[in-house]
Amino acid sequence: MEVLRRSSVLAAEIMDAFDRSPTDKELVAQAKALGREFVHARLLRAGLAWSAPERAALVPGGRLAEVCAVLLRLGDELELIRPSVYRNVARQLHISLQSEPVVTDAFLAVAGHIFSAGITWGKVVSLYAVAAGLAVDCVRQAQPAMVHALVDCLGEFVRKTLTDVLKCVVSTDPGLRSHWLVAALGRACRLLRAALFMLLPER
């Protein structure tokens, strides 16, 4: 229950920290910056290196740095509870990492499924965790260029689908049944399986 309480507090911090009126261009830039930081953190944790020339260190104490710190902590909690969902993502999706369209189409299929029933902060965290899981798979299979494509894809998905991240709903009810993290876990388990049926047969 303490983990759930802390998650609600952390999720609420995102709403306070995030820029409340981003343009489309700013939203994509923010989504990509968060994606690069999230992916970079997960690759470091896995003991892997990744070169991101466009990755500039976030300004310490800045809004985006605050959001990133909260997003990473929420991702840690989500992945701690269900680590198998966010590891070996490519294998779970039965995709080859040799083709950029296959990787990005698979990611978009999973992302679309995550948000098919609405937007919540839990789903936003899950989206970043899936992208990072795929990025780790790409680097492990000597396809680091795919990571850049994933980050770009993530930014565009946020612009086209989420439009305004601040519309995400954060449940403040401490009850287990209504907590976003619990709901996200159930969906996360199903999303990878469902994504297999969403991918075109020739992929």
Side-chain angles (χ1 to χ4, degrees), residues 10-11 13-46 48-76 78-79 86 89-90 93 95 97 99-115 119-140 143-168 191 195:
L10 292 173
E13 288 176 17
I14 291 179
M15 293 194 71
D16 292 333
F18 208 89
D19 181 5
R20 296 191 178 277
S21 57
T23 65
D24 277 4
K25 185 176 180 180
E26 290 169 334
L27 188 63
V28 171
Q30 290 173 349
K32 286 183 178 182
L34 290 172
R36 282 190 291 270
E37 292 301 315
F38 199 99
V39 164
H40 183 68
R42 292 305 180 253
L43 288 168
L44 285 178
R45 187 176 70 184
L48 301 169
W50 175 54
S51 170
E54 74 281 15
R55 182 180 168 264
L58 299 180
V59 179
R63 286 189 176 278
L64 208 55
E66 292 175 21
V67 172
C68 187
V70 174
L71 185 64
L72 284 167
R73 289 197 314 249
L74 289 170
D76 287 342
L78 189 63
E79 294 167 18
Y86 303 103
V89 176
L93 293 174
I95 61 169
L97 298 176
S99 166
E100 184 177 307
V102 169
V103 173
T104 55
D105 286 355
F107 173 71
L108 288 173
V110 173
H113 184 74
I114 290 173
F115 293 98
I119 301 170
T120 66
W121 279 115
K123 293 177 182 182
V124 172
V125 176
S126 186
L127 176 71
Y128 278 85
V130 168
L134 264 175
V136 168
D137 291 344
C138 289
V139 173
R140 281 190 173 143
Q143 298 291 339
M146 299 287 185
V147 179
H148 299 285
L150 274 170
V151 170
D152 288 342
C153 193
L154 174 62
E156 285 303 312
F157 180 83
V158 168
R159 181 184 67 79
K160 291 178 182 176
T161 308
L162 304 187
T163 308
D164 184 353
V165 177
L166 294 171
K167 291 179 182 173
C168 296
L191 72 91

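The first residue of the sequence shown is numbered 1, and numbering continues consecutively from there.
Note: K123 NZ to H113 NE2 = 9.0 Å, rounded to the nearest 0.5 Å. Summarising the geometry, atom CZ belonging to R73 is positioned 10.5 Å from atom SG belonging to C68; distances are rounded to the nearest 0.5 Å. Rounded to the nearest 0.5 angstrom, L71 CG and L34 CG are separated by 6.0 Å.
Proximity of D76 to R45: side-chain heavy atoms (C-beta onward) are separated by under 4.5 Å at one or more points. Looking at heavy atoms from C-beta onward, V39 lies out of side-chain contact with L150 at the 4.5 angstrom threshold. Residues Y128 and L72 are not in side-chain contact: their nearest non-hydrogen atoms beyond the backbone lie 4.5 Å or more apart. In this structure, the side chains of L78 and L74 stay at 4.5 Å or more apart for every pair of heavy atoms. Using a 4.5 Å heavy-atom threshold, the side chains of F115 and V124 count as touching.
The minimum heavy-atom distance between I119 and T161, with the atom names listed, is CD1-O, 4.4 Å. Contact record, L127 with A111: CD1-CB, 3.4 Å, taken as the closest heavy-atom pair. In this structure, L154 and A31 approach most closely via the heavy-atom pair CD2-O, 4.2 Å. Contact record, F107 with C153: CD2-SG, 3.8 Å, taken as the closest heavy-atom pair. Smallest separation of non-hydrogen atoms from A46 and R140: CB-NH2, 3.7 Å. Contact record, F38 with A132: CD2-CB, 3.6 Å, taken as the closest heavy-atom pair.
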### Message
One pair to check against side chain to side chain contact (heavy atoms under 4.5 Å, CB included): V28 and V158. What are the steps and the verdict?
### Response
CA-CA 7 Å; V28 171; V158 168; over 6 Å; no

#### Entry: Chi angles and distances behind the side chain to side chain contact (heavy atoms under 4.5 Å, CB included) call for E100, Q143
CA-CA 10 Å; E100 184 177 307; Q143 298 291 339; over 6 Å; no

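L44 pairs by the side chain to side chain contact (heavy atoms under 4.5 Å, CB included) definition with H40, not counting sequence neighbours. Under the side chain to side chain donor-acceptor pair (under 3.5 Å) criterion, E156 pairs with R159, sequence neighbours left out. Listed by chain and residue number, I95, L97, L134, D137 satisfy the side chain to side chain contact (heavy atoms under 4.5 Å, CB included) test with A90 (two or more places apart in sequence, or in another chain).
Judged purely by atom type and a 3.5 angstrom limit, S126 has no side-chain atom pairing as donor or acceptor with the backbone of G122.
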